[in-house]
Structure formats: C-alpha cells, structure tokens
Amino acid sequence: MASCSTTNTLVHSQHLSHSRHSITVNSLTWSRAFAPLNSSLSHSSHLRGVGGSVKPLITCNAGAAPVAAANLAPGTPVRPTSIMVIGATGTLGRQVVRRALDEGYDVRCLVRPRPAPADFLRDWGATVVNGDLTKPETIPATLVGVHTIIDCATGRPEEPIKTVDWEGKVALIQCAKAMGIQKYVFFSIHNCDKHPEVPLMEIKYCTEKFLQDSGINHVVIRLCGFMQGLIGQYAVPILEEKSVWGTDAPTRIAYMDTQDIARLTFIALRSEKVNGKLLTFAGPRAWTTQEVITLCERLAGQDANVTTVPVSVLKFTRQLTRCFEWTNDVADRLAFSEILTSDTVFSVPMNETYQLLGVDPKDILTLEKYLQDYFSNILKKLKDLKAQSKQSDFYI
C-alpha cells in the first residue's frame, strides 16, 4: 500500500502559532489518510480493511512539537494593498490579477522560471517574481513586504498531484506563517470533503485543514466550475465542426465566470465578517453536459458532432492505469473525471453568501449570457473576415 509522509520544517527554526493556544511549534501537524471512505477527521484516520484490520493509505504528516514562543519585534509595516497571487498565469489567476490591479492593489505574481516569460502580467502593471512551490527555498524572499496571499495555483497536468498541491502548499503556508503574512485566500473544490477517493479533492481538503490549523487569518473559497473552460471543450469544436466529447452521466455543474469569482473574492477579502470562513461560489444554475452542448448548438447555428464516452469506460481505464507505476498520476486525474461524470450536483444555494458579501444576484453573469456574448463576437468576426476575403478576391 502506497504511503507518503511529508514533514516540512522551515530552515532556521520557522515558528508557527497554533490557532487556539499561545504557543508556537516547529512544524504544523495535520494527519489524514487519503482513503476511499468518508472517514471522520482526526489527526490519525485510517481505512479499515477486511477483518477489521486498519490499513493506512496515503497519509500526509508534518510532525509537531511545542517550543518556546518566538520573541518577534515589530518590523516595517506592510501595506494592506500589497498582495501576492500564486498561479497568476492560470484561468482564474489572471482574472484575479486584473481585478486586483483595477481596484488599486499593488500586485506581485509568483511564477516559475520559464523560457517564455509571463510578459502580459508585467504589461498589465503587476510585478513578476520567480519562485517554485516545489523548491521551498525559493519562496521566502518573494514574500517580503506582502500583506495577503491569494492562492490560485494547482499542479501542471504532467506533474504528480501531490508535488505542488500538497507538498508545495504545505511549504507555502508554513513560510507565510513565518513571514507574518496577514491573510491567506485559498481556492478549493466544492464537496472536496465528500470524495476522499479522489486524490486531488482529498489534497484540497487536507490543505484546507492545514491552513486552518496554521493560525493564519484566512478565507477558503470552494469553486464548482469555470465558464471559460467550456469554450475550448464545446464552443470551439462545434464552430470548427470537430468532435465534442461528452459522457452519458447526469452530472450538473453550476459554472461561474472567473471575472465574477475574482470580483467576489476581493469583496470577501475586504470583509472582516468573512475571516476564517468557508465560502462556496456557484453560478446561477447547474447544467448537464448535454444541456451545455444544446445551448452551444443553438447559439452557433449548427449541430455538434458528439462522441459519447460511457462512464464505465472511464472506470475501467482508471483501474487499468493503476497497474503501472508510471500511469498512477493519470489514474488520479481519471478519478476526478469519474466524479464529474457521476450522478452529482456541483452547486449550492448562494443567497446567504450574496447577503454576507452585499452582492446583488442579478450582477452575476449567467451561462446563457456568457456563451451568447462569445458566439456573437466570434460569428461577427468570422463574418467580417469572410467579407474582407470576398472584397480581396474582387480587386485581385
């Protein structure tokens, strides 16, 4: 049985204060088994096997030992408008950066060193610093002068899920505590606490608890789905008359525009009433895959070439990839795909959240309006290009 134990102690005696006691500890403890059961949370949870035997699965540990409280003298005050965005080049991260800059924040973006730099972030007015969550020694210097961290990061598809999403986040949270970060906003996944059999969701839930136990002033925001992801998945293939892949499962997802997510995030960031809370952001309505495809067909004015993949095929593929060490990470991601293709609803009522944040529900973009605007703009551009082409042919 695979078992992973992660112990992260920051160099030079990094001190972390417990959320309910006036002590600091060398490294924070959160221990939880990644088990395919809804096991209760504890500092040592296990999967009970055949005959009542207890079998630990993937367990992430950071050993704790109380030490003397650190005598920290007050340093240079940090402006509340100074924020660090982790995962700034991603679908959500870039919208968070744009929103922050529009609202007058001093934005710093942590990006990995790469051959093609993230110049668009600099062009917008953000400061770009190089760092890597998989290399903890690169993190501390990037956080100097930062008041708030907004964590939108997740691992790349080619990376093992736990490398960035667990080990990297543990290092980041510990470093944030040691550096005196005032607030930490973490984006998680809706219902991650209900699916311990899916590594990505279990890691998100484990990170939520690690952040809570760290004592950092924080806000956790769980998300259901991005409207932007539907463009490449459905809208573009339909326009290009290519195959659209779907499943036969009735899963419903309340997609939300990432611009709305970013706007609500900064409202929550400024609200003292939200400190330490768990929020879930969901769109106005939950949609099945077939309903989204039908909407795209209507707006595009053409039928989609739909290829349906039975859920049973996904399940078989996951079991097959588990047989080979080099395909384990593929199996982890297929496990998440199974959840998205099961009889599940990724949505929550938002009335209480809207009231808490003082937001008018009418200001939240609907999927119909989002896709209508997209197709209107694209079809207009295609029409203009066709007209220009005909005009060129005439003069030639």
Side-chain angles (χ1 to χ4, degrees), residues 90-92 94-95 154 156-158 189-191 195 198 200-201 223-261 281-318 320-321 330-331 333-348 364-390:
T91 302
L92 176 59
R94 63 184 60 200
Q95 295 299 338
T154 191
R156 295 169 180 168
E158 68 271 15
I189 302 174
H190 176 51
N191 277 346
H195 295 284
V198 181
L200 179 59
M201 299 182 80
L223 305 174
C224 297
F226 301 156
M227 291 182 183
Q228 280 71 12
L230 301 177
I231 301 301
Q233 191 170 0
Y234 302 116
V236 172
I238 290 175
L239 287 172
E240 296 181 348
E241 299 181 355
K242 295 181 179 179
S243 293
V244 175
W245 298 86
T247 68
D248 55 359
T251 306
R252 307 181 73 88
I253 301 175
Y255 300 99
M256 197 171 195
D257 183 11
T258 53
Q259 293 187 33
D260 281 335
I261 294 173
F281 291 171
R285 173 190 164 186
W287 296 74
T288 65
T289 297
Q290 188 54 54
E291 288 173 339
V292 174
I293 293 174
T294 300
L295 177 59
C296 290
E297 287 177 322
R298 177 169 61 83
L299 294 173
Q302 60 191 65
D303 294 336
N305 180 19
V306 182
T307 300
T308 301
V309 180
V311 176
S312 57
V313 173
L314 282 177
K315 292 180 178 179
F316 171 76
T317 304
R318 184 191 178 196
L320 180 64
T321 56
V330 175
R333 296 181 192 279
L334 282 173
F336 187 70
S337 299
E338 284 185 33
I339 296 298
L340 294 180
T341 54
S342 61
D343 188 7
T344 306
V345 178
F346 280 80
S347 181
V348 292
I364 303 300
L365 188 67
T366 64
L367 183 60
E368 296 99 322
K369 183 66 168 64
Y370 175 79
L371 289 176
Q372 184 179 33
D373 290 344
Y374 173 80
F375 279 105
S376 295
N377 292 331
I378 292 297
L379 293 176
K380 182 179 182 300
K381 289 180 180 178
L382 292 175
K383 184 177 180 181
D384 291 343
L385 289 173
K386 187 175 182 180
Q388 291 175 11
S389 176
K390 287 184 177 180

Closest heavy-atom contact between [X] and [Y]?
{"X": "Leu295", "Y": "Trp287", "value": "CD2-CH2, 3.8 Å"}
{"X": "Phe281", "Y": "Ile261", "value": "CE1-O, 4.0 Å"}
{"X": "Tyr255", "Y": "Pro284", "value": "O-CD, 4.4 Å"}

Measure the spacing between [atom1] of [X] and [atom2] of [Y] and express it to the nearest 0.5 Å.
{"X": "Glu291", "Y": "Thr288", "atom1": "CD", "atom2": "OG1", "result": "3.5 Å"}
{"X": "Phe226", "Y": "Tyr370", "atom1": "CZ", "atom2": "OH", "result": "11.5 Å"}
{"X": "Leu230", "Y": "Cys296", "atom1": "CG", "atom2": "SG", "result": "7.0 Å"}

Taking side chain to side chain donor-acceptor pair (under 3.5 Å) as the definition, give me every residue that meets it alongside [X], ordered by chain and number, with sequence neighbours left out.
{"X": "Gln290", "value": "Thr294"}
{"X": "Asn191", "value": "none"}
{"X": "Ser243", "value": "Asn305"}
{"X": "Ser347", "value": "none"}

Item to complete: Give me the ring orientation class for His195 and Phe346: parallel if the planes are under 30° apart, tilted from 30 to 60°, perpendicular past 60°.
Response: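 Rings of His195 and Phe346: parallel, as their planes differ by under 30°.
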Item to complete: Check the pair Arg298 / Glu368 against salt bridge (charged side-chain N to carboxylate O under 4.0 Å, His left out), numbers first and verdict last.
Response: CA-CA 11 Å; Arg298 177 169 61 83; Glu368 296 99 322; over 6 Å; no
Item to complete: Take Thr251 and Thr289 through the test side chain to side chain contact (heavy atoms under 4.5 Å, CB included) and record every step on the way to the result.
Response: CA-CA 7 Å; Thr251 306; Thr289 297; over 6 Å; no
Worksheet entry | Contacts of Glu241 that satisfy salt bridge (charged side-chain N to carboxylate O under 4.0 Å, His left out) - sequence neighbours left out |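 In terms of salt bridge (charged side-chain N to carboxylate O under 4.0 Å, His left out), with neighbours along the sequence ignored, Glu241 is linked to no residue.
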Practice prompt. Return the set of residues passing salt bridge (charged side-chain N to carboxylate O under 4.0 Å, His left out) with Asp260 (not counting sequence neighbours), or none when no residue passes.
Written response: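 Partners of Asp260 under the salt bridge (charged side-chain N to carboxylate O under 4.0 Å, His left out) test: Arg263.
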Worksheet item: Checking side chain to side chain contact (heavy atoms under 4.5 Å, CB included) for the pair Val345/Ile253: CA distance, chi angles, key distance, verdict?
Response: CA-CA 6 Å; Val345 178; Ile253 301 175; over 6 Å; no
Worksheet entry | Asp257 vs Gln228 side-chain heavy atoms within contact, under 4.5 Å |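 They are in side-chain contact.
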Practice prompt. Pick out which of Leu223, Leu367, Ile364 makes a side chain to side chain contact (heavy atoms under 4.5 Å, CB included) with Met256.
Written response: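 Answer after filtering Leu223, Leu367, Ile364: Ile364.
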Check side-chain contact (heavy atoms from CB on, under 4.5 Å) between [X] and all other residues, then give those that pass, not counting sequence neighbours.
{"X": "Gln372", "value": "Leu299, Lys369, Ser376"}
{"X": "Gln95", "value": "Thr258, Gln259, Ala262"}
{"X": "Ala304", "value": "Ile238, Val244, Ile293, Glu297, Val306"}

